[in-house]
Amino acid sequence: MQAALEITARYCGRELEQYGQCVAAKPESWQRDCHHLKMSIAQCTSAHPVIRQIRQACAEPFEAFEECLRKNEAAVGNCAEHVRRFLQCAEQVQPTRTSSATEAQPLPAS
């Protein structure tokens, strides 16, 4: 979850900030009153080309991280290495210059 939040904050920070402000301002009704802002975050993350590239290029480390979370619900700290691997992969993804690119690849390890 932390990894997803870091990526979302980097590329959809404005949407995330607006949602956070709404939730803070409406503690009793945030689920209803801030739903449209939550949907704007989802739309941003679905549409943002870099996030789409990360999802594609880093699917394997992200799936390993999710599996670790399922196995360690009571001790998510055990998944720190999985988070690190996913974030390392995400950092290496370079945005493609054209929208017609069908595949994003992480840079080779240096």
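Numbers here simply count residues along the sequence, with the first being 1.
Rounding to the nearest 0.5 Å places CZ of Arg84 at 13.5 Å from CZ of Phe65. Atom-to-atom distance recorded for Glu73:CD and Cys79:SG is 10.5 Å, nearest 0.5 angstrom. Between the SG atom of Cys58 and the CD atom of Gln92 there is a distance of 8.0 Å, given to the nearest 0.5 Å. Atom CZ of Phe86 is separated from atom CD of Glu91 by 10.0 Å, given to the nearest 0.5 angstrom. Note that NE2 of His82 and CZ of Arg85 are 5.5 Å apart. Values are rounded to the nearest 0.5 Å. One finds the CD atom of Glu15 at 5.5 Å from the OG atom of Ser40 (value rounded to the nearest 0.5 Å).
In Glu81, the CD atom is crowded: over 12 heavy atoms of neighbouring residues, nucleotides or ligands sit closer than 6.0 Å. Atom CD of Gln43 sits in a sparse spot, with 12 or fewer heavy atoms from other residues, nucleotides or ligands closer than 6.0 Å.
The minimum heavy-atom distance linking Cys22 with Asp33 is given by the pair SG-O, 4.0 Å. The minimum heavy-atom distance linking Leu37 with Gln18 is given by the pair CD1-O, 3.6 Å. The nearest pair of heavy atoms linking Ala57 to Val93 is CB-CG2, 3.8 Å. Minimum interatomic distance between Cys12 and Thr45 (heavy atoms only, all atoms of both residues): SG-N, 3.7 Å.
By the 30° and 60° cut-offs, the orientation of the rings of His48 relative to Tyr11 is tilted.
Under a 4.0 Å N-O distance rule, the pair Arg14/Glu17 does not qualify as a salt bridge. Arg10 and Glu6 are not joined by a salt bridge, as no carboxylate oxygen comes within less than 4.0 angstrom of a charged side-chain nitrogen.
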